[in-house]
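Each chain gets a letter, A, B and so on, in the order its sequence line appears, and its residues count up from 1.
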Protein chains: 2
Amino acid sequence: MAIPESELQALFMHTITGLKISMKNIMKDKALSLSPLYFMLLKTIHDTENCTANYLADATERDKGQITRLVKEMMQQGLVQKQPNPHDKRSQFLQLTESGLGCFEQLAIADQAVLKEMRANVSDDELTTFLEIGNKMLQNLHKINGKP
Amino acid sequence: MAIPESELQALFMHTITGLKISMKNIMKDKALSLSPLYFMLLKTIHDTENCTANYLADATERDKGQITRLVKEMMQQGLVQKQPNPHDKRSQFLQLTESGLGCFEQLAIADQAVLKEMRANVSDDELTTFLEIGNKMLQNLHKINGKP
DNA sequence: TAATTTAATTGATAAAGTCAACTATATGAG
DNA sequence: CTCATATAGTTGACTTTATCAATTAAATTA
């Protein structure tokens, strides 16, 4: 008989693995040489007005150095470009290029489709409840980890 | 305004990251040169009677080759040992050594403490509901990914 | 203006994941 | 039984992701 908290951990691990696998399959289908990590970056840049590298590191919980390199890669692939930040010469705003936006949108549509199918037999109410409880636990976790 | 399915994905990502961070902190505190990955392996071996490498790969959703190497590392650290599988000469049962068990138990206690704190303000009923909905979605995800 | 933060980059390295080829044993059809 | 096929585990070669410290240049603040 499993302790319910352990089941919680297992649920998160397996779900994340499953989401990564489905995202990889999507990318293979579309012949994009990307990964779930890059999708997360593209999504964050897409969703964030005036997204800086620093913000990106924070939002995705990745090392700043790693972000520098990942952004460089996306620029080489022509997906992302930098705009000067008029208020701070040290930093730049990241934005999707036209091609980056196209790429993101393709992936986002497929991603949404997976998520939709994943919650197919889950009602709106249930989903809301799930998110509420999940976010409550996430808050607690952040507190535990000493996040401001 | 976020599409609720996206929030779902974000919830999973941030929670997993948070769990990894807290597990890393635990390991640093205890001066163990391990990682969340190793904890997952130790736990699976601990919880599984007659755990084979193959089962371990399946349960943790890792590559078999990777498992071979991770197990080798744990054996070198004296945490795990192999027993011959009397029914199949190709395979062996993995089990924790005394030291491996001690190590696992330390981590498991700390891990349980984190999970408990994480759900501190979540009632048993809420947790049950959360797990039910989560498992339903995980099932769907497995179907999407073509898992038997 | 000098001292201290902060944004981003770089270097070096380690950890984790991927994929295909291979060995040894098992299994199942004929 | 035996031969083809499947399975458990290992190995090699490689890529991707993560970590962590040091550095540069601009911003902040004392």
Side-chain angles (χ1 to χ4, degrees), chain A residues 13 16-21 23-25 27-28 32-42 44-45 48 50-77 80-94 148, chain B residues 13 16-21 23-25 27-28 32-42 44-45 48 50-77 80-94 148:
Chain A
M13 291 192 317
I16 275 291
T17 305
L19 285 171
K20 276 190 200 168
I21 289 171
M23 177 55 71
K24 271 186 209 174
N25 289 337
M27 286 165 166
K28 210 191 286 178
L32 295 169
S33 64
L34 290 171
S35 64
L37 175 58
Y38 283 99
F39 177 63
M40 175 163 66
L41 298 174
L42 292 175
T44 307
I45 294 170
T48 310
N50 297 338
C51 180
T52 64
N54 216 37
Y55 174 83
L56 192 55
D58 199 55
T60 63
E61 304 177 277
R62 256 70 191 175
D63 180 79
K64 283 199 313 174
Q66 194 190 355
I67 292 293
T68 297
R69 282 173 260 248
L70 292 167
V71 167
K72 193 158 73 177
E73 172 62 28
M74 290 189 292
M75 288 178 66
Q76 274 163 13
Q77 290 200 31
V80 165
Q81 61 195 9
K82 290 178 176 172
Q83 289 307 130
N85 175 348
H87 304 308
D88 190 336
K89 280 181 199 157
R90 292 168 306 175
S91 89
Q92 293 133 300
F93 295 145
L94 302 170
Chain B
M13 292 191 318
I16 274 290
T17 305
L19 286 171
K20 276 191 198 165
I21 289 170
M23 176 55 70
K24 270 186 210 174
N25 289 337
M27 286 166 165
K28 210 190 288 176
L32 295 169
S33 65
L34 289 172
S35 64
L37 176 57
Y38 283 98
F39 176 64
M40 176 162 64
L41 298 174
L42 293 174
T44 307
I45 295 171
T48 309
N50 297 337
C51 180
T52 64
N54 216 37
Y55 175 83
L56 192 55
D58 198 54
T60 63
E61 304 179 278
R62 257 70 192 175
D63 179 79
K64 285 198 312 173
Q66 194 189 355
I67 292 293
T68 296
R69 282 173 259 248
L70 293 167
V71 167
K72 193 156 77 177
E73 173 63 28
M74 291 189 292
M75 288 178 67
Q76 276 165 11
Q77 290 199 28
V80 166
Q81 60 195 8
K82 289 178 177 173
Q83 290 306 132
N85 175 348
H87 302 309
D88 190 335
K89 282 181 197 155
R90 293 168 307 177
S91 91
Q92 292 133 301
F93 295 146
L94 302 171

Which atom pair, heavy atoms only, marks the closest approach of [X] to [Y]?
X     : Y     : answer
B:V80 : B:M75 : O-CG, 3.3 Å
A:T60 : A:R62 : O-NH1, 2.8 Å
B:T48 : B:T44 : OG1-O, 2.5 Å

Output the rounded distance in Å from [atom1] ([X]) to [atom2] ([N]).
X     : N      : atom1 : atom2 : value
B:K20 : D:dT17 : NZ    : C1'   : 10 Å
A:L70 : D:dT15 : CG    : C1'   : 13 Å
B:M74 : C:dA15 : CE    : P     : 15 Å
A:D63 : C:dT10 : CG    : C1'   : 12 Å
A:N54 : C:dT9  : CG    : P     : 10 Å
B:M27 : C:dA15 : CE    : C1'   : 14 Å
B:Q66 : D:dT11 : CD    : P     : 15 Å
A:N50 : C:dA7  : CG    : P     : 15 Å

Does C:dA16 have OP1 or OP2 sitting under 4.0 Å from an N or O in the side chain of B:S35?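 Answer is yes, contact under 4.0 Å.
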
With heavy-atom distances below 4.5 Å as the criterion, would you say the side chains of B:P36 and B:K24 are in contact?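 A side-chain contact exists here, since the closest heavy-atom pair is under 4.5 Å.
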
Quick check: do A:T52 and A:D88 have side-chain heavy atoms less than 4.5 Å from each other?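 Not in contact.
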
Counting neighbours of CZ on B:F93 that are heavy atoms of other residues, nucleotides or ligands and sit closer than 6.0 Å, is the number greater than 12? yes

Nearest 0.5 angstrom please: [X] [atom1] to [Y] [atom2], how far?
X     : Y     : atom1 : atom2 : answer
A:D58 : A:K64 : CG    : NZ    : 10.5 Å
A:L37 : A:E73 : CG    : CD    : 11.0 Å
A:I21 : A:M23 : CD1   : CE    : 13.0 Å

With a non-hydrogen cut-off below 4.0 angstrom, is A:L37 in contact with a base, only sugar-phosphate, or nothing? sugar-phosphate

Using a cut-off of 4.0 Å on non-hydrogen atoms, how would the nucleic acid contact of A:Y38 be classed: base, sugar-phosphate, or nothing? sugar-phosphate

N/O donor-acceptor pair, side chain B:R69 with base C:dG17, under 3.5 angstrom: no

Have a look at the helix from C:dT1-D:dA30 to C:dG30-D:dC1 and give the angle its two end axes make, five pairs each, rounded to 10 degrees. 30°

For DNA chain D, which residues in residues 81-94 of chain A have a heavy atom at a distance below 4.0 Å? A:D88, A:K89, A:R90

